[in-house]
Each structure stands twice: as structure tokens, then as C-alpha cells.
Amino acid sequence: MKTIQSNIKKAKEYLDNKDCIAVPTETVYGLAGNAYSNIAIKKIYKLKKRPINNPLIVHYYNIDQLKKDCDLNDNFLKLYKKFSPGPITYVLKLKKNSKISKFVTNNKNTLAVRFPKHYLFRKLLKNLNYPLAAPSANISSGLSSVKVSDVQDEFGIKIKFILNGGKCKIGVESTILNLLEKPSILRYGGLDTSKIEKVLKKKLSIKTNTKQKISPGLFALHYSPGLPLRINVRTPHKHEAFVLIKKRKIKLKSYYYLSKTNNMNEAAKVLYSTLRKIKKDGFKKIAIERIPNRGLGKTINDRLKRASKY
Ligand code: TXA
Ligand code: MG
């Protein structure tokens, strides 16, 4: 308990000082900084090597904090009640008098907002008088981090402080919804979109393709382990690490599996760490069998498709 308090205190000191630090969320680790500070936000872009035209998600403790920065609408309120805090991000209209740094939004009048569920991140947010902008804690276009050692592998000594919250429960990033007009899905993620459709009582249109301009971060190569990766593979080539969705015995030395029982939540949780492990094990190429396109399988397929552009 005492260490929790002192770690939160340390995290707050760095953030008050306009530094950026790594924080745990239920989805993936974030690289967080004061969303109202140009200095802090510029540090995030620099450390992550992120193009400045790719806006950041801002994390809030609750709706009262958010009201100062965004206009809320009915769809948002419905979804907030049901799913927040949790793995869903809402794109809303930014208020003109909001104090959000222009670097967070790339000067646009919309803001992506999220209420993370991890108890440590919530404790931290409760102690601050500003929200935290936080992209995933990885070098741009690579794999997100799902544990402290991933963050260390990504940034080495350049990261000043990591708030240790153990392994991320969900393992893939939040689902992003555009709520500016007719709701649409901008990114598949940790919340199954069929659950969102049930609450809104309508089918959502999907705008996750890489050509549209609204979410520049969703362009082609992304979520890449930094190795060539083939998807929907039946028979792997020689020297490829082969990733199976379901554990079973096959006649190959080098295979990995994402789930024991074909469970998509289990698979999403270990996806990035499995890809990182394959690289650490020295493989130069990855082949993955077809992943069922249901539940979080849609998110896994989205990530693999982008990673396969390497
Ligand atoms: O689970 C998550 O969402 C994690 C944790 C740390 O919260 N964060 C995360 O952030 O995945 P990032 O920066 O890696 O991905 C955010 C995505 C980017 O693709 C960005 O283009 C998009 O959100 N985005 C940010 N602001 C936007 C906006 N105003 N409109 C549309 N897309 C936006
Ligand atoms: Mg990211």
C-alpha cells in the first residue's frame, strides 16, 4: 500500500514537472503527459518518434473533468454509462475555450477521449488537476507494450519513470468510435463492437480503412513487430515462426499458439507479447494461421493485416 502511494506521488511529480512517464492501462501501457501543456506533449511526440499530425487520446478520471474540454452528446452519455471506465475511446467535439494543447489535436476541433480502468491509472488521474494525453508506449508504428519490460525494451534509459501496473488485462488498444455525427468505428479494439451496437440499437459503419484521413494513426504499416509477417497461412515456409490460434500438436519445431481453446479474448491478450517473443527467439519471419473474425478476433485481424504491410 505504502509503495503504491509513493509511486503515485513520484508519477505526479514527473507529470507536474511537464515530463512524460509510462502508465499502465487495462489495454496497453501509455506514454502519458499533461494534456494542457505544450511542453509535455512535445516530449511525447519526440520520445515516440510520432508524426506531429497524428493526434493523441486524452485520458480523464470522470465525466466532470471532461465537460470542461468537450461537448457531450446523447450517444456518448449512453455508451459512457455502460462501458466507461473501460477499453473504449470516443471522438467528440472540442470546446473552443478548452485548455487542451494544440499539439494533442494537431490543431483540429475534435478530441479522442477515454476513461481508463486500471486502478493505478485511475488513482493517478484522481490526484491531478489536468487530464493525461497518452498514446501507446512504443516507438511509432511498432507493437504496443503490455508489460514493464516491453516499455523498457522500447525506450531504454530515455523513459524516466514507469508506473508498474503488471501485465495489461486486455492486451490490445481501445476501440475508437467517432461520435461527431452518425456513430462509426474508427479502430477495432478491446471492446467487442457488437456490444456497442447493442447499446446504440443500430449497426455501426466502419471507417477503419487506411485511406480515410480522420485517424492518421491508422495508416498502412502499424502494430509491426519489425519482421515480415504473413497472414492466413496454412503451411509455413522453412525458417518461419508459425503462430496458431489454438493450442494443438503439429509436426513443426517452431510454433507458438495464442489460445488454449480458440478463445479470442485470450488470444488478444497474448498477441503482442507472442510477436515480441518470436523476435527475441531470433526468428526473421512470421507466419500466422487464419484467425476467426469474431469478437476480438476482428481486432486481432485488423492488427495483423496492418503488421503484414512490413
Ligand atoms: O488503448 C488505447 O487506446 C491506448 C491506451 C494508452 O489508452 N492508447 C492508444 O493511443 O492506443 P495511440 O495514440 O497509440 O492510438 C490512438 C489513435 C491513433 O490512431 C490516432 O490517429 C487516433 O487514435 N486519434 C486520436 N485523436 C483522434 C481524433 N481526434 N480523431 C480521430 N482519431 C484520433
Ligand atoms: Mg499506438
Side-chain angles (χ1 to χ4, degrees), residues 20-33 35 41 44-45 47-60 69-70 83-94 98 100-118 120-122 124-125 131-146 150-151 154 163 165 168-181 183-191 207-210 212-224 268 272 296 299 302-303 306-307:
C20 56
I21 62 167
V23 294
T25 91
E26 76 281 26
T27 57
V28 299
Y29 272 75
L31 185 62
I41 300 308
I44 293 178
Y45 280 93
L47 190 54
K48 218 181 128 67
K49 301 188 179 137
R50 180 168 177 122
I52 197 81
N53 67 352
N54 187 3
L56 307 180
I57 299 177
V58 177
H59 299 70
Y60 290 85
D69 294 325
C70 287
F83 298 120
S84 294
I88 177 168
T89 294
Y90 314 95
V91 175
L92 298 171
K93 187 155 183 300
L94 187 65
S98 141
I100 293 288
S101 159
K102 61 184 181 200
F103 296 106
V104 165
T105 58
N106 184 31
N107 272 316
K108 297 256 181 341
N109 61 358
T110 67
L111 188 67
V113 306
R114 167 162 134 72
F115 305 85
K117 197 168 184 176
H118 195 290
L120 277 183
F121 198 177
R122 284 187 60 75
L124 177 61
L125 284 169
L132 290 176
S136 52
N138 56 278
I139 304 292
S140 208
S141 90
L143 291 174
S144 295
S145 298
V146 293
D150 296 343
V151 181
E154 289 290 318
L163 185 61
C168 298
K169 280 206 173 112
I170 295 178
V172 288
E173 305 76 3
S174 61
T175 300
I176 306 183
L177 282 191
N178 182 1
L179 295 180
L180 297 171
E181 42 212 59
S184 60
I185 300 161
L186 295 178
R187 175 176 78 182
Y188 285 113
L191 182 65
K207 296 190 176 153
T208 61
N209 74 68
T210 51
Q212 52 95 29
K213 291 279 190 289
I214 184 157
S215 246
L218 304 180
F219 283 160
L221 176 71
H222 218 92
Y223 311 106
S224 166
Y272 294 151
L296 295 199
T299 306
D302 171 84
R303 303 301 189 264
R306 292 174 207 276

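When a ligand or atom number is given, it counts from 1 through the structure's own listing order. Sequential numbering from 1 along the given sequence is applied to the chain's residues.
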Proximity to ligand 1 by part of Ala134, non-hydrogen separation under 4.0 Å: backbone

Side chain, backbone, both or neither: which part of Val91 has a heavy atom under 4.0 Å from ligand 1? side chain

Write down the atom of [X], the atom of [Y], and the distance for their closest heavy-atom approach.
X	Y	result
Gly165	His118	O-NE2, 3.0 Å
Ile44	Pro135	CG2-CG, 3.5 Å
Val104	Ala35	CG2-O, 3.8 Å

Does NZ or CZ of Arg306 fall inside the cone over Tyr223's six-membered ring, less than 6.0 Å from its centre and within 45° of the axis?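 No, cation not above the ring by the 6.0 Å, 45° rule.
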
May I ask you to list the atoms of ligand 1 that are less than 4.0 angstrom from any heavy atom of [X]?
X	value
Ile176	17 (C), 23 (O)
Arg187	2 (C), 3 (O), 9 (C), 11 (O), 15 (O), 16 (C), 17 (C)
Ile57	3 (O), 8 (N), 9 (C), 10 (O), 16 (C)
Ala112	25 (C), 26 (N), 27 (C), 29 (N)

Out of [options], who is nearest to [atom] when you count heavy atoms only?
atom	options	result
atom 3 (O) of ligand 1	Ala137, Ser174, Gly190	Ser174
atom 25 (C) of ligand 1	Pro55, Pro24, Ser145, Ala133	Pro55
atom 12 (P) of ligand 1	Ala22, Ser136, Gly189, Gly30	Ser136

Is the shortest N/O to N/O distance between [X] and ligand 1 below 3.5 Å?
X	answer
Asn54	yes
Thr27	yes
Arg114	yes

Measuring from the heavy atoms of [X], does anything fall under 4.0 Å of ligand 1?
X	answer
Pro116	no
Arg50	yes
His59	yes

Does a donor on one side chain and an acceptor on the other come within less than 3.5 Å for Asn178 and Tyr90?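 Their side chains do not contain a donor-acceptor pair, so the 3.5 Å distance test is not met.
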
Between the side chains of Ser144 and Glu173, does any donor sit under 3.5 Å from an acceptor?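 Result is yes, a qualifying pair exists.
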
Measure from the Mg ion (ligand 2) to each N, O or S atom of Ser144 and report whether any distance is below 2.8 Å.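 No, outside the cut-off.
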
Matching residue for Thr25 among His59, Arg122, Arg114 - test: side-chain hydrogen bond (donor to acceptor under 3.5 Å, both in side chains): Arg114

If you round to the nearest 0.5 Å, how far is CG of Leu221 from OG of Ser141?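 Spacing of OG (Ser141) from CG (Leu221) equals 5.0 Å.
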
Output the distance between atom NE2 (His222) and atom CG (Asp302), rounded to the nearest 0.5 Å.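 So the NE2 of His222 and the CG of Asp302 are separated by 9.5 Å.
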
Got Ile185 and Leu177 here, is their nearest side-chain heavy-atom distance under 4.5 Å?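 A side-chain contact exists here, since the closest heavy-atom pair is under 4.5 Å.
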
